[in-house]
*Asks:* 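Just dropping this structure here.
Scope of the values below: all heavy atoms of this structure, side chains included, with no hydrogens, waters or symmetry mates. These numbers come from a predicted model, not from an experiment.
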Amino acid sequence: MSLSLDMRTSAQRLLALVTVLGVTTAMAVVLAQSPTPAARPALPPAPPRTTGPVDLTAPQHFAAGARSARNASYSIDARLDTATRTITGREVITWRNIARRETSLLRLHLYWNAWRSSQTTWMRERALTAASRELFGRPEADWAAIDISAIRLVGAGASPPVDLLASMRFTRPDDDNAHDFSLAEVPLPLAVRPNDTINLEVEWTARVPRTFARTGTIGDYYFIAHWFPKVAVLDELDWKGRQFHSGTEFFADYGVYDVRLRVPTGWLVGATGTERGRTDHEDGTTTHRYIEEDVHDFAWTTSPAFVERRARFEEPGLPFAEMRLLLQPEHLGQAERHFAATRAALRSYGRWFGAYPYGHITIVDPAWQSSTGSMEYPTLISAGTRWLAPARVAEPEQVVVHETGHQLWYGLVATNEFDHAWMDEGLNMFAEARALDVEWGQGRHSERYFGGFVPWVFDDIVLRRQTDGNGLHLYRRHATSDRPDAPSWRYSPSTGRHITYNKTALWLQTLENHLGWNVLQPALADYFERFQFRHPSPSDFFAAVNAASGRDLTWFFDQVYRSAVAFDYGVESVVSEPATLTGFVDRGGKRVFVEAAREAPFLTRAIVRRYGEGTFPVDVRITFGDGTHTTRTWDGKDRWVEIRVQHARRALSVIVDPDEVLALDINRTNNSRSLQPQTAAAASAWSWRWLVWAQDLLLTYGFFI
């Protein structure tokens, strides 16, 4: 059946009207389903006072099943005043000196002071990045601060507390910025010797900001991270506490967390650990008690809009885990996608590296425009999705897999992310790309339009794990911007993440290609097993991989970690011509002069060149007109090499690293040369693409007019 032009035009206009009305109606339904927040009671500023320090050194906290040293434990009472957007808190830090040296002071992280003014170290560094514009020019209410009102050294029994507040001072060991207050030192009246334990009681008030660094509030949604005064790490040399830098995250010792959070009644709470109790108060507030053992941080979230869903992770050979999902109402249809991604990560990482041991994990779907997604904390992650999320695009799957993976490399192998962020972020990015490829296969490229609201999937643009998953396009522009062995906080704020994330993922991918997954996987599993609940160094990682793989890879680690070299191999020239010879040749031990002797039909001569400073063994493959090919291996050390091959047919192409073993190669466009013209095929392919594009454009134009 066919329609006249007028009828088609009318139908097109009617369809457009119906589409607009449908989208409008759907949005109205979603908004109508969102619960209206209850009236918020005015809360007094002070939290409930503990009668004395909670003894986190008591035997019940050090049972035979303790996985970590548990030398930095916290008992915290905190109260959120949603009317003034403030948190008032009191904590008892039970700290044991596990270093082989005594100390006469403690260092405390006060992370939220990084957003106290526009002159802090964090803000100065963020100003050097493209993402800085929205952070400056905020109203007064959108900034943050954390102010300590009391510090006391408290003992057991009736020992009187020792007031330390007057002696507290701020320290700036990294840049001597007098406007930075993110790190404090507290002198102690007596030195704490190895294996001695002290209790420090701290009271503070914090202003909850409009989100900085994925912590803050928007409306009635709060995501609270790195929010309490936190003791730094002491090792054999010195305190490892750094100021808060924009390009690095966190580092802390393990302990037991017993945290009581007082929020408006009816608001759901998600936090590190599991809820062990709930107490309602007459003023319209509820205290939620959360406890977790053998973790090195505590984060939480609360909102009246959350919708809770639960599921279980069960996989033969791995411990089960209860999955709790706190979802935004408009994303209810994506609950199973969040659970499936969490299962995929726990399954893949559990089989490859080691089991997730906590038995529970909370997945938080952040509020729209809250900027709190894509972050990891012990037993709790923040994800991130959109109302329109096509099934062919791994959103929210990618972020859930990535943040769940951090439970291993950040949560269980607690590396120093101030100095060696790649040991978490880079390893995790490599593992994430592999897990997504194994579980979902190749993805498709997508873009979002109309302010990021409407997605469009490009089915003909296939995403590859080796390049897209590891971010080669991001790394190649900044391959030499920083040496990875420099402290991560010294990386360029604008490009350092590409060294931390992408370069590490790419050199791990190169190791997998070079050694084989059957060699690299046991090496990573051995590293994870040996160093979980500890603080390994880069040398620990390299030694573990060398030992488990049975190979000395120092030559490789020297280049990818201890230098800033770039890798780039390419084919400079190829000549394939009849192999005629005129001149003296050796035959039977005699020197004979010949003219135009044809020893073989064709002689192919290829010049392969090392354009970068990095060296790596590469294969060179020459393909001939009869479909056969020959492969030569080059150690890649010289600047160039000539490869000569005689064959019955002319060569069609030469390619260096044909199997793409060297994932770090920053320019694969020069890796091959063809002696067979490709212009016709290219012209045909592109002409069809442009024809289809023009047709789509005309149809779209006709639809709307």
Side-chain angles (χ1 to χ4, degrees), residues 42-54 56 72-95 106 108-116 144-154 161 163-165 168 181-184 186 199-209 212 215-217 222-232 244 250 252 255-264 267 269-273 275-279 281 283 285-292 295-302 377-378 380:
L43 304 181
R49 187 179 185 88
T50 56
T51 57
V54 176
L56 294 176
S73 295
Y74 295 79
S75 176
I76 304 176
D77 290 281
R79 187 167 194 168
L80 171 65
D81 183 345
T82 57
T84 61
R85 284 173 33 184
T86 58
I87 295 173
T88 51
R90 179 178 291 104
E91 68 184 4
V92 175
I93 306 172
T94 300
W95 183 76
L106 290 183
L108 292 177
H109 292 289
L110 304 175
Y111 288 114
W112 281 19
N113 276 342
W115 314 306
R116 195 178 189 95
I146 179 169
D147 293 300
I148 293 181
S149 56
I151 303 179
R152 307 178 190 93
L153 188 63
V154 294
D163 191 347
L164 303 176
L165 182 62
M168 186 190 81
F181 302 94
S182 62
L183 189 64
V186 182
N199 289 329
L200 197 70
E201 187 177 25
V202 185
E203 297 178 22
W204 79 96
T205 302
R207 171 72 182 177
V208 183
F212 284 92
T215 183
T217 181
Y222 288 78
F223 196 97
I224 309 300
H226 35 274
W227 56 287
F228 55 94
K230 189 175 184 182
V231 68
F244 194 10
F250 316 105
V256 177
Y257 283 77
D258 188 341
V259 183
R260 293 158 296 280
L261 304 167
R262 193 164 178 174
V263 302
W267 289 36
V269 173
T272 294
E275 189 171 15
R276 303 292 182 88
R278 189 179 300 186
T279 304
H281 306 286
D283 62 355
T285 65
T286 299
T287 296
H288 302 256
R289 185 185 186 192
Y290 278 80
I291 297 178
E292 189 56 270
V295 293
H296 53 70
D297 204 354
F298 186 99
W300 57 287
T301 183
T302 187
Y377 308 93
L380 180 143

*Asks:* Which distance, rounded to the nearest 0.5 Å, do you find between the CD1 of Ile151 and the CG of Asp163?
*Replies:*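 Taking CD1 in Ile151 and CG in Asp163, the distance rounds to 8.5 Å.
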*Asks:* Any donor and acceptor pair, going by atom type alone, linking the side chain of Ser75 with main-chain N or O of Glu91 inside 3.5 Å?
*Replies:*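 Side chain of Ser75 to backbone of Glu91: no pair is present.
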*Asks:* Mind checking whether Leu261 and Thr302 have side chains closer than 4.5 Å, heavy atoms only?
*Replies:*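 When only atoms from C-beta onward are counted, Thr302 and Leu261 do not touch, as no gap falls below 4.5 Å.
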*Asks:* Check step by step if side-chain contact (heavy atoms from CB on, under 4.5 Å) holds for Ile146 and Phe181.
*Replies:* CA-CA 9 Å; Ile146 179 169; Phe181 302 94; over 6 Å; no
*Asks:* Rounded to the nearest 0.5 Å, how far does OG1 of Thr84 lie from CZ of Arg207?
*Replies:*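 If we round to the nearest 0.5 Å, Arg207:CZ and Thr84:OG1 are 7.0 Å apart.
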*Asks:* For Ser149, what residues pass the side chain to side chain donor-acceptor pair (under 3.5 Å) criterion, not counting sequence neighbours?
*Replies:*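 Side chain to side chain donor-acceptor pair (under 3.5 Å) list for Ser149, sorted by chain: empty.
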*Asks:* Side-chain contact test, heavy atoms from C-beta onward, threshold under 4.5 Å: evaluate it for Ile224 versus Val208 and give yes or no.
*Replies:*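 Counting from C-beta outward, Ile224 and Val208 do come under 4.5 Å.
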*Asks:* side-chain contact (heavy atoms from CB on, under 4.5 Å), that's the test. Do Leu183 and His109 meet it? Break it down for me.
*Replies:* CA-CA 5 Å; Leu183 189 64; His109 292 289; 3.7 Å; yes
*Asks:* Run the salt-bridge test on Asp77 and Arg260 with the 4.0 Å N-O cut-off and return the result as yes or no.
*Replies:*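 Looking at Arg260 together with Asp77, the answer is yes, because their closest N to O distance falls below 4.0 Å.
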*Asks:* Please name the residue in the list Val186, Ile76, Leu110 that meets the side chain to side chain contact (heavy atoms under 4.5 Å, CB included) test with Pro229.
*Replies:*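 So, applying the side chain to side chain contact (heavy atoms under 4.5 Å, CB included) to Pro229 and each of Val186, Ile76, Leu110, only Leu110 qualifies.
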*Asks:* Between Glu275 and Val269, does a side-chain contact (heavy atoms from CB on, under 4.5 Å) hold up when you go through it step by step?
*Replies:* CA-CA 9 Å; Glu275 189 171 15; Val269 173; over 6 Å; no
*Asks:* Any idea which heavy atoms bring Pro209 and Trp112 closest together, and the distance?
*Replies:*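 Heavy atoms only, the tightest pair is CD-CZ3, 4.1 Å.
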*Asks:* Using 0.5 Å steps for rounding, measure from the CZ atom of Arg152 to the CG atom of Leu164.
*Replies:*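 The distance works out to 10.0 Å.
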*Asks:* Closer than 3.5 angstrom, by distance alone: can the side chain of Ser73 be matched with the main-chain N or O of Val256 as a donor-acceptor pair?
*Replies:*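 Looks like yes, one N/O pair under 3.5 Å.
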*Asks:* Does a side chain donor of either Asn199 or Thr94 reach within less than 3.5 Å of an acceptor in the other side chain?
*Replies:*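 A donor-acceptor contact under 3.5 Å links the two side chains.
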*Asks:* Please identify each residue that fulfils ring-ring contact (aromatic ring centres under 6.0 Å, His included) with Phe298, with sequence neighbours left out.
*Replies:*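 Listed in chain order: nothing, the list is empty.
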*Asks:* Closer than 3.5 angstrom, by distance alone: can the side chain of Thr272 be matched with the main-chain N or O of Ala299 as a donor-acceptor pair?
*Replies:*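 Yes: the side chain of Thr272 pairs with the backbone of Ala299.
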*Asks:* In the structure I gave you, are the side-chain heavy atoms of Tyr257 and Val295 within less than 4.5 Å of one another anywhere?
*Replies:*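 Touching, per the 4.5 Å side-chain cut-off.
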*Asks:* Is Phe228 close to Ile93 at the side-chain level, that is, under 4.5 Å between some pair of heavy atoms?
*Replies:*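 Ile93 vs Phe228: side chains apart.
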*Asks:* For Ile87 and Ala78, which heavy atoms make the closest approach, and how far apart are they?
*Replies:*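 Nearest heavy atoms, Ile87 then Ala78: CG2-CB, 4.2 Å.
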*Asks:* Compare all side-chain heavy atoms of Phe223 with those of Leu380 and state whether any distance is below 4.5 angstrom.
*Replies:*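 When only atoms from C-beta onward are counted, Leu380 and Phe223 do touch, with a gap below 4.5 Å.
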*Asks:* Which atom pair, heavy atoms only, marks the closest approach of Gly273 to Glu292?
*Replies:*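 What the structure gives for the nearest pair is CA-OE2, 3.3 Å.
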*Asks:* How many angstroms lie between atom CH2 of Trp227 and atom OH of Tyr222, to the nearest 0.5 angstrom?
*Replies:*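 It comes to 14.5 Å.
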*Asks:* Would you tell me whether His281 and Thr287 have side-chain atoms, one donor and one acceptor, within less than 3.5 Å of each other?
*Replies:*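 The criterion, which ignores hydrogens and geometry beyond distance, is satisfied for Thr287 and His281.
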*Asks:* In this structure, is the centre-to-centre distance between the rings of Phe244 and Phe212 below 6.0 Å?
*Replies:*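 No; Phe244 has its ring centre 6.0 Å or more from that of Phe212.
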*Asks:* Do Thr301 and Tyr377 come within less than 4.5 Å of each other through their side chains, counting heavy atoms only?
*Replies:*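 Not touching, per the 4.5 Å side-chain cut-off.
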*Asks:* Rounded to the nearest 0.5 Å, what separation is found between the CZ atom of Phe250 and the NE2 atom of His296?
*Replies:*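 Rounded to the nearest 0.5 Å, the CZ-NE2 separation comes to 11.5 Å.
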*Asks:* Can you tell if the side chain of Asp283 reaches within under 4.5 Å of the side chain of Arg262, non-hydrogen atoms only?
*Replies:*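 Asp283 reaches Arg262 side chain to side chain.
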*Asks:* So that I can tick it off, tell me whether Arg276 and Asp258 are bridged by a salt bridge, with the cut-off set at under 4.0 angstrom between side-chain N and carboxylate O.
*Replies:*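 The answer is no: the pair does not qualify as a salt bridge.
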*Asks:* For Arg116, check salt bridge (Lys or Arg N to Asp or Glu O under 4.0 Å) against everything at least two apart and list the hits.
*Replies:*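 Checked Arg116 against salt bridge (Lys or Arg N to Asp or Glu O under 4.0 Å); matches are Asp147.
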*Asks:* Answer whether the closest heavy-atom distance between the side chains of Trp204 and Leu108 falls below 4.5 Å.
*Replies:*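 With C-beta onward as the side chain, the pair stays apart.
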